[in-house]
Structures are given as structure tokens and as C-alpha cells.
2 protein chains.
Amino acid sequence: MRQSSATIRDVAREAAVSVASVSRAMNGHSSVHPDTRERVMAAARSLGYVPHAGARSLSLSRSHAIGVVLPDLHGEFFSEIVRGMDREVTARGYHLLLSNMHADAERAAQAVRSMRGRVDGLIVMAPQLVAGGLDEALPLGVPAVLINSQHGPGRASFHIDNAAGIAASVEHLVAQGRRRLVHVSGPFGNIDADERRQGYLSAMARLAPEVEPVVIEGDFHEDSGAAAMAEIAERGVRYDGIVAGNDMMALGVLSVLRERRVDVPGAVAVTGFDDIPLARYLGLTTIRAPLAEMGERAVARLVDALEGGTLALETQTIATELVIRATSPAGAA
Amino acid sequence: MRQSSATIRDVAREAAVSVASVSRAMNGHSSVHPDTRERVMAAARSLGYVPHAGARSLSLSRSHAIGVVLPDLHGEFFSEIVRGMDREVTARGYHLLLSNMHADAERAAQAVRSMRGRVDGLIVMAPQLVAGGLDEALPLGVPAVLINSQHGPGRASFHIDNAAGIAASVEHLVAQGRRRLVHVSGPFGNIDADERRQGYLSAMARLAPEVEPVVIEGDFHEDSGAAAMAEIAERGVRYDGIVAGNDMMALGVLSVLRERRVDVPGAVAVTGFDDIPLARYLGLTTIRAPLAEMGERAVARLVDALEGGTLALETQTIATELVIRATSPAGAA
DNA sequence: CTGTTAGCGCCTTCAT
DNA sequence: ATGAAGGCGCTAACAG
């Protein structure tokens, strides 16, 4: 049953021409006699011939595929970026090849290596890979765009301005007269988490220098937001605002607050990061980053480079936007 | 700069052996002298050699990639399925190649064709493609698994039991003494929408035969849920329950109800379909389908077939589960 | 155990 | 305008 499809040679035989002519006809070259072209097309149609992309890639050294390496598809964050990439890639006539990259450098390198020879370029998102690991893993000769990853100089990359985003949250809360702000951080070592935490610390030092900043480590999941609240209670920390490292943890925070019948935003204001759909529904103040757009831009940048342009080896910063909602309305406190 | 990577021949030269030996050594064949293997590995390492997957595929006629064709990555529905596929595919040592399929049959066929020669098998999700269109587009000789798509006999596929899911919702509401149930449907022609609508109609005929069923067409997006409520009001329809075709539309329905200060679930109960994360947060009763698991199973089935097994040309039905929440609590009405 | 050779399917000079 | 032939990088017989 597994009848192997027709090849270019079958078409050539059927049309009584050489394979070269078939190739030329199929690829719309000009120097082909209309009659020949017609015969070739007819033969191809009748045989149900479809060019073998793999062979084509090998011959042209261009696969028209770009590899995407990321931790996982879990949650809104990555799927939103991938969605943007998918949109652009479709418009450009390319394909997306997905690959999971695990946290440890060895398997990360493995994931990257396994794409050599099947993609023309790479987009890598490795927020939890330590600096250096990524630079070593990336193969030479394959253009790559990095997103929110730690890397050395001389790489094309995008960087969401995490610190500025969190700083905006802190400013917003401080403007309401709140000063005892606690930060629920993502896992230490994750670059996004680290930058956000650093943003919180800097902003606090600048805007509320007399207050001792408090950081609780979470893991970006909802449960850890709730757990953080428990720890805060245990340590007897007083606070009038919680700046969470992402929306999911903010939700965990909110559920605990609601359980304890704490007045939000009266007594405590809460902010998140990412602006996932849930945030809008629950009225959570958050920081929005144009993820899909960043995905599009990453692809555009890469494809432009592949098609003759040059890949600017610079980091492009993606600005974020503070979205104020019910958990910290403008005039509160 | 674009220094072309080392090939198997470079390694052979460096190790002073033939390319065949390099190939054998790299692929862990048994019949290779330990010394040569060592020399080869050393040479490969020093040259930073990474096998060219494309060339390998061509030679082996196996790409270890499976193509996924779907409408878009928008929303939870597809990304959840893709997440499951991604998980399984990683475990099996395969890659996922994404491709968007637009609604019209021509471009759908195009999307499928463009994957010939780059994947070993296909997983296709085309809920809005009319019967026949898909069967024609699918290339012979490439194993394919269809998910929630219209197709002729003799295909391997999965089918979410939409009708049974909606029927469960209707039964649940009827058990509460509600009978004037309105269905907000997805777009006509979409197989999921059609089956759910049909499930509603059958269940109504069976459980509330004296009631005239009411169907309003939406488009699976939130706004259309709100629009449906407007239309219902305009037509003066009386109701005590809204059975939406999916969660997003149910959310639209809920927002209108809340705006009008209608008592939910007292006066009106609402149900959705999909069990997106938001549903849990908003306490929306819904139908859950194990999407990620279905994605995993689709990949497992396909890969098993590719590795020697045979692809059972049958439709496997995915059972759904009624998740009762605040918008239609068990003892209400 | 190892080297030589012939493809996998296609594109592209180089002749004609 | 067309055909013949070499090659993309790798693997799989087939000989030694």
C-alpha cells in the first residue's frame, strides 16, 4: 500500500523530456518552451507528482524551515509567541520546526544539534539556561535569533524589558501611597524571573528606600503564589501590595487573599506580569508584552537575513505596557 | 562568516578512514574496531561535526518528523492538542513540523503538499473543511491521522464525542427542571459546531419534546456569545438555560447576563464546552475533552505505524466529561 | 573490520 | 530550448 510517490524521473519519462526540463518547468524558469512546459505539467498532474522537499533542500541547501527551540508549550506565554511566529512564517512561505529544550545544557545542545540540516535558521528561547551554555550549543553557520535568553555578545536577540515593566508596577503602587511592597519572584536562575526581581529591587531602592524589600521565590505556577502568601504570613511580614513575577502566581496570591477576606485593592493591591487572558477577566493589574508581535519580528528578522540581508547582531528591546485594572485601580488606597 | 559546517568527508579525512566507517561509527554500528571508532569520534569532535539531518533523511527515506496541519494556534483548543503532541513526539525522538491550513480546500491541499518529503507522517485537524476536500488533498503513501475532521472511510482518525458532550449538558440542565434551553452554536459547516448543535437538537427532542429548540449561530468567539444574547432578546425568546457551543461564547453570554443583572444560575443556567482555564476560574459548567492526551495518542498511533506497526484505519472516539460548576450547580433551579 | 560504489530526489552548470 | 552529468551529505549493500 505504501506506494512510493512519483519522482521527477517518472514525470520526465511520462512527458518524454529530460529531468532537467521537468525541474525547470516546475520551478517556472523562463527558458522552457511553452509546449514542453505544458506537457510536463500535464504529466505531473496525471501522476500526482509533488516535488520532494527533502531532496530539494539538499540540492539547494535551503530547507525553507526555521527551527524553534523552547522549554515547552505550556501556558500562554510561549504559545502566544509561537502563534506570532507561525503567522509570519506562513506569510513568508516557511515552515516551523518545533523542538523542546530542557533545562540542562547537555540536552539543550542536543536539541539544537538535531536540527542541523533541517532548518535554515533558529529561534531559541532558553530563559533558564545559564550564560555560556547557549553560546556553546549554537552551531556555527546557522543564523539564530535568541529570545529572552542569556548570551554573550555578537548575537541577534530580543529582550523583553522585564525590569522596566516591574518598575512601572512599583511606581504605580507607590503613587497610590503604598510602600510595603512584596515581590513574589519566579525561580532564581530563570532570566525573566531574575530581571523582574532585579527590577523590583532597584525600583524599591529608588522609590521607597526606607522600606526593606521582601522577595519570596516561587516557580511561576499558581500554587507557588499561594505558597508565597503562606510564607509571608509565617514570617509576619506586613504589606499593602504584592508585585508578582507573573500572572499565574498573582492568581494564587489573589485566591489566598480572597479566602482570608482581605480587601483588594483596599488593603492590598496586587499586580502580575504577562497579561494572560485570565488577567483581564479577573481584573488583575499586569504588565503586557507584545508576545505575538515579538514572535513575528523574530521570524521576519531571521527570514530577511536568510534571503540576502544581514542579521543585525544586536539586542532589540521589547517595551512593555502597564495595564491597570481592579486589583490596583488608579485612585485606590 | 557563513562557514559551511564540516561534512562526513571532512571527518573521514581527518580520521584517515573512509566515509563508510565514519557513518558506521557515528551510528553506533557494532562492526567497527574500537580504535577506529575512537579516532572517528575524536575527529568529529575536533571538527565540530554534526550529521546533516536532511541528507540523512534522503538517504534513509525517513525524516523523523511528523507534520501537523491545523487552522491556527489561536486559543486553548489547538495549543493544548499541540502541547500533547509535542510531549509525545519528544519522547519518541521525532520532530513536529507545523503548517497552517486555511479553510478553502485549495490552500489546504497546498499546505499538505508542501510537506511531502519532509515528514514521515501527518496529523491533520481541519474542522471546517467539507467532506471530500480533505480526502483529495491527502497524499497517498503518507500515513495520516485525522482529528475532528470530515473524511471518508478508510482513514485513521480521532473524534471527540461532541454530541454526547452536549447531550450530557442538556440532561444535566433538564434534571434541574429547566426545559427552555437555547443553544448558541459555532459556525455552521464547522464539524465540531455541527455535531454539538446536532447533539443539542437530539437531546432536546428526547428530553424536552414539547419545547421548540432554539439555535443561534455564533463563531466560537466571545463577542458572538454576547451578540447571540442580543438576538435572543430581540426575538423575545424565553429561556432558563443557555447551552453554548464553546466556553468563549459562554463567557460572552455570561457577561451580558451579568450586565443585565440576571440571576445566574437562579434564573438562567449556562454551560460551555472545552474547559479552558478561564472556565474554572469563572465557575463555568462545561464539557472537558482530554485534548493533550488526544494529541499524545495521535502521535503515538502514527509513530507506532511508522516504526513497523500498522495504522488501524478506524475512528477512535474520545469521551468527554461534564464538569459541573457554579453556573449550573447540581441542586439549582 | 573496512573501503568502494551506487543511489536517495532534485537542481544546475556545461554543452549542444 | 534542451539533455547529460555531477553533486548536495549520508547510508547501505557488496566486496575484500
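We name chains A, B, ... by the order of the sequence lines, and we start the count at 1 in each one.
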#### Entry: Sugar-phosphate only, base, or nothing, as touched by B:Leu60 at under 4.0 Å among non-hydrogen atoms
sugar-phosphate
### Message
Mind checking if B:Ser57 touches a base, just sugar-phosphate, or nothing, with heavy atoms under 4.0 Å?
### Response
nothing
Counting side-chain heavy atoms from CB outward, which of [options] is closest to [X]?
X       : options               : value
B:His52 : D:dT11, D:dG9, D:dA1  : D:dG9
A:Arg9  : C:dT2, D:dA12, C:dC8  : C:dC8
B:Ala20 : C:dT12, C:dG3, D:dC10 : C:dG3
B:Ala55 : D:dC10, D:dA1, C:dT4  : D:dC10
B:Tyr49 : C:dT12, C:dT2, D:dC10 : D:dC10

Is any NZ, NE, NH1 or NH2 atom of the basic residue among [X] and [Y] found under 4.0 Å from an Asp or Glu carboxylate oxygen of the other?
X        : Y        : value
A:Asp86  : A:Arg83  : no
B:Arg113 : B:Glu106 : yes
B:Asp304 : B:Arg92  : yes

[X] [atom1] - [N] [atom2] separation (whole Å):
X        : N      : atom1 : atom2 : answer
B:Leu58  : D:dT11 : CG    : P     : 11 Å
A:Arg118 : C:dC8  : CZ    : P     : 21 Å
A:Arg39  : D:dA1  : CZ    : P     : 15 Å
B:Arg62  : C:dG7  : CZ    : C1'   : 19 Å
B:His64  : D:dT11 : NE2   : P     : 11 Å
A:Met26  : C:dT12 : CE    : C1'   : 17 Å
A:His29  : D:dG3  : NE2   : C1'   : 16 Å
A:Asp10  : C:dG9  : CG    : C1'   : 11 Å

## Note on the structure
Walking DNA chain C from its 5' end, the first of A:Pro51 and B:Ala16 to be reached, judged by nearest nucleotide, is B:Ala16
### Task
Taking atom types as modelled, find out whether A:Ser21 and A:Thr36 have a side-chain donor-acceptor pair closer than 3.5 angstrom.
no
### Message
Assess, by modelled atom type and distance only, whether the side chains of B:His64 and B:Ser57 contain a donor and an acceptor separated by less than 3.5 Å.
### Response
no
### Message
Consider side chain to side chain contact (heavy atoms under 4.5 Å, CB included). Of A:Thr317, A:Leu146, A:Ile191, A:Ile318, which one does A:His159 pass it with?
### Response
A:Thr317
Distance below 4.0 Å between [X] side-chain N/O and [N] OP1 or OP2:
X       : N      : result
B:Ser59 : D:dT11 : no
B:Arg56 : D:dG9  : no
A:Ser21 : D:dG3  : yes

### Query
Quick one: the side chain of A:Arg24 and the base of D:dG3, do they pair up donor-acceptor inside 3.5 Å?
yes
### Axis deviation across the helix from C:dC1-D:dG16 to C:dT16-D:dA1, five-pair ends, to the nearest 10°
40°
### Message
Could you tell me if the side chain of A:Pro143 sits less than 4.5 Å from the side chain of A:Leu122, heavy atoms only?
### Response
no
### Message
Between B:Leu96 and B:Ile66, is there a side-chain heavy-atom distance shorter than 4.5 Å?
### Response
yes
## Note on the structure
Assign each of A:Val17 and B:Thr7 the nucleotide of DNA chain D bearing its closest heavy atom; nearer the 5' end lies the nucleotide of A:Val17
